[in-house]
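Right, one structure below, let's go through it.
The residues of the chain are indexed from 1 along the displayed sequence.
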Amino acid sequence: MKNSIVWLASYPKSGNTWTRIFLANYLANTREPMPINQVHRYGIGDSVARTYHMVAGRRIDTNDLQLTLSLRDKVLRGIVGNNADVNLVKTHNSRKAAFGVELIPAKYTRSAIYIMRDPRDMVLSSARHYAKTLEDVVHSISRGDHATLGDDATVPVFLGSWSEHVKSWTSYAPYPVLTLRYEDMLANPHVEFAKVLKHLGVPVDDERLDRAVRHSSFDEVSKQEAKGGFVEKPDKAEKFFASGRSGRWKTDLDPALAEQICKDHAKTMKKFGYLE
C-alpha cells in the first residue's frame, strides 16, 4: 500500500476549491472548461459522509464523533488502496490528533499543498458561505476547539484556530509541504499554479497552464454556477463563488473586528506577510 495521498489543505474559504478546479482543468487538458460539478473526479474529500457510510456498511450518525473517528483510518486506507502514485485529497482538518486519532497520518501521505488566506478576508467569505454573523466567525477562528458539525454531506471537521491550523501545516513534516498564499495566487496565478504542478511532479506546459488558468478563473466558474449550480454550495448560501477578491476587509469588515483578528493572530499574520 503506497503513501500516495497529496493533501490539498486549507482553512475553509481560502482557495482550496479554486486549486482543485485548476488541477482538474490542467489534468483533463480539454479545449473547453471542465464542468465544475465534475471536479470531484480528480480528487476526493477526507470528510465526505458517503465514504464513511460505505466503510461502515450502513448509514451512520455523522455527528457520532467516536464512530466517525474510528472509521477514519479505514476511509484513508480505502483511498490509497487503488495503488495509484498520487491521490489528491481535499481537507480542512488541522494536521493534529483529535481525541487520540491522527487526522493526517504520515503513513498514507506523499506530500501536502497548504493554501492560506488573509483571515480578515477569509471571515467575510466564511460568514456569507455559512450564513453566520461576522462576530461569530471572528470568535470561532480564535478557538482552539473550533470544529464543524456533521451533516448529510460531511462528517465533523477539526479546525482549531486559524493560527493553530496554519502552524500545524507549515511546521516540520516528514514529507514535502508546499505553502501558498491566496493573495499571491490571485496576483500571479501562472507562477503559483506552476509551483503546484512541479510539486506534484507534473510537467509544466505553458499553453496548457494558461488554458487551465483561464478555465478556472472566477468569471468562468461563477458563470457555470449561475447556469447549472454547484454541488458544493451549502443550502444556506446564495452562491458559492461570490467575489474572490482580496483586500475586501478594508471596506467591508468592521474595523473593530479587523483589529480583533490582528490581535488574536498577530504572530502568524506577521510571519506570513499579513501584518508589518
With rounding to the nearest 0.5 angstrom, report the OG to CG distance, S111 to N3.
9.5 Å

Hey, does L180 have a side-chain heavy atom less than 4.5 Å from the side chain of I113?
yes

Are the charged groups of K271 and E276 less than 4.0 angstrom apart, N to O?
no

Donor-acceptor check, side chain of R181 to backbone of F272, threshold 3.5 angstrom: yes or no?
yes

Is it possible for you to say whether V80 and M54 belong to one hydrophobic cluster, with membership spreading through side-chain heavy-atom contacts below 4.5 Å?
no

Do V123 and I261 have side-chain heavy atoms sitting under 4.5 Å apart?
yes

According to a 4.5 Å side-chain heavy-atom criterion applied to Ile, Leu, Val, Met, Phe, Trp and Tyr, with indirect links allowed, do V202 and V196 form part of one hydrophobic cluster?
yes

Could you go through D73 and K107, starting from their C-alpha distance and side-chain angles, then the distance that decides it, and tell me whether this counts as salt bridge (Lys or Arg N to Asp or Glu O under 4.0 Å)?
CA-CA 11 Å; D73 187 74; K107 63 182 178 181; 3.5 Å; yes

State whether a side-chain donor-acceptor pair under 3.5 Å links S47 with H92.
no

For the pair Q260 (side chain) and V138 (backbone), establish whether a donor and an acceptor sit closer than 3.5 Å, ignoring hydrogens and angles.
no

Using a 4.5 Å cut-off on heavy atoms from C-beta on, say whether the side chain of M185 contacts that of I115.
yes

Donor-acceptor pair, T154 side chain versus G150 backbone, under 3.5 Å?
no

In terms of heavy-atom contacts, V89 and G45 come closest through CG1-C, 4.2 Å

Charged N-O contact under 4.0 Å between R211 and E207
yes

Side-chain contact test, heavy atoms from C-beta onward, threshold under 4.5 Å: evaluate it for L159 versus S94 and give yes or no.
no

Check the surroundings of atom NE2 in H53: do more than 12 heavy atoms from other residues, nucleotides or ligands lie under 6.0 Å from it?
yes

Which heavy-atom pair separates V213 from H190 by the least distance, and what is that distance?
CG1-CE1, 3.9 Å

Mind checking the CE-OG spacing from M34 to S216? Nearest 0.5 Å is all I need.
11.5 Å

side-chain hydrogen bond (donor to acceptor under 3.5 Å, both in side chains) partner of W7, chosen from T109, N93, T91, N87
T109

Would a single hydrophobic cluster contain both L23 and V191, if residues Ile, Leu, Val, Met, Phe, Trp and Tyr are joined by side-chain heavy-atom contacts under 4.5 Å?
no

4.5 Å side-chain heavy-atom contact, R95 and S171
yes

Does the D121 side chain pair with the main chain of G247, one donor and one acceptor, at a distance under 3.5 Å?
yes

Once rounded to the nearest 0.5 Å, what's the spacing between atom CH2 of W162 and atom CZ of R120?
9.0 Å

Heavy-atom closest pair, residues A112 and W169:
CB-CZ3, 3.6 Å

Would a distance-only check, ignoring hydrogens and angles, find a side-chain to backbone donor-acceptor pair under 3.5 Å from R72 to L103?
yes

Any idea which heavy atoms bring N16 and K90 closest together, and the distance?
OD1-CG, 3.6 Å

Hey, are the side chains of V86 and S4 touching, using non-hydrogen atoms and a 4.5 Å cut-off?
no

Main-chain N/O of V157 paired with T148 side-chain donor or acceptor, under 3.5 Å:
yes

Looking at D264 and R143, is there a salt bridge between them, counting it only when a charged N and a carboxylate O are closer than 4.0 Å?
no

Is the number of heavy atoms from other residues, nucleotides or ligands within 6.0 Å of NZ (K132) greater than 12?
no

Nearest heavy-atom pair of G160 and Y11: which atoms, and what distance?
O-OH, 2.8 Å

Can you establish whether the number of heavy atoms outside N82 located under 6.0 Å from its atom CG is more than 12?
yes

Between D219 and K223, does any side-chain N to carboxylate O distance fall below 4.0 Å?
no

Applying a strict under-4.5 Å side-chain criterion to I, L, V, M, F, W and Y, I'd like to know whether W249 and L134 cluster together.
yes

Can you check whether D85's main-chain N or O pairs, donor with acceptor, with R110's side chain at less than 3.5 Å?
yes

Rounded to the nearest 0.5 angstrom, the CG-OH distance for D46 and Y108 is 13.5 Å

Does NZ belonging to K2 count more than 12 external heavy atoms closer than 6.0 Å?
yes

Looking only at the aromatic ring of each residue, does the gap between the centers of Y114 and H165 stay below 6.0 angstrom?
yes

May I ask you to decide if the ring planes of W18 and F193 are parallel, tilted or perpendicular, using 30° and 60° as cut-offs?
perpendicular

Chi angles and distances behind the side-chain contact (heavy atoms from CB on, under 4.5 Å) call for L200, L88
CA-CA 10 Å; L200 294 173; L88 298 174; 3.9 Å; yes

Would you please test E164 and K167 for side-chain contact (heavy atoms from CB on, under 4.5 Å) and show each step?
CA-CA 5 Å; E164 290 170 342; K167 184 178 179 180; 5.7 Å; no

Do any N or O atoms from the side chain of S126 and from the backbone of M122 form a donor-acceptor pair under 3.5 angstrom?
no

Taken to the nearest 0.5 Å, the spacing of D61 CG from R58 CZ works out to 9.5 Å

I need the L69 CG to E102 CD distance, nearest 0.5 Å.
12.5 Å

When you measure from the side chain of T62 to the backbone of D151, do you find a donor-acceptor pair of N or O atoms at a distance under 3.5 Å?
yes

Test side-chain contact (heavy atoms from CB on, under 4.5 Å) on L209 and Y26; report intermediate values, then the result.
CA-CA 7 Å; L209 173 64; Y26 191 90; 4.1 Å; yes

Is a donor on one side and an acceptor on the other found under 3.5 Å between the side chain of H146 and the backbone of S161?
no

With a 4.5 Å cut-off on side-chain heavy-atom distances among I, L, V, M, F, W and Y, is there a chain of contacts connecting V137 to L149?
no

Of all the heavy-atom pairs spanning Y42 and A28, show the shortest one and how long it is.
OH-CB, 3.4 Å

Would you indicate whether the side-chain heavy atoms of L124 and K13 approach each other to under 4.5 Å?
no

Do the non-hydrogen side-chain atoms of M116 and Y274 ever get within less than 4.5 Å of each other?
yes

Is the shortest distance from a Lys or Arg side-chain nitrogen in R208 or D205 to a carboxylate oxygen in the other one below 4.0 Å?
no

Apply salt bridge (Lys or Arg N to Asp or Glu O under 4.0 Å) to residues D252 and R248 and explain how you reach the verdict.
CA-CA 6 Å; D252 295 2; R248 282 181 54 225; 3.2 Å; yes

Could you walk me through whether R214 and S217 pass the side-chain contact (heavy atoms from CB on, under 4.5 Å) test, one step at a time?
CA-CA 5 Å; R214 286 187 283 106; S217 68; 5.6 Å; no

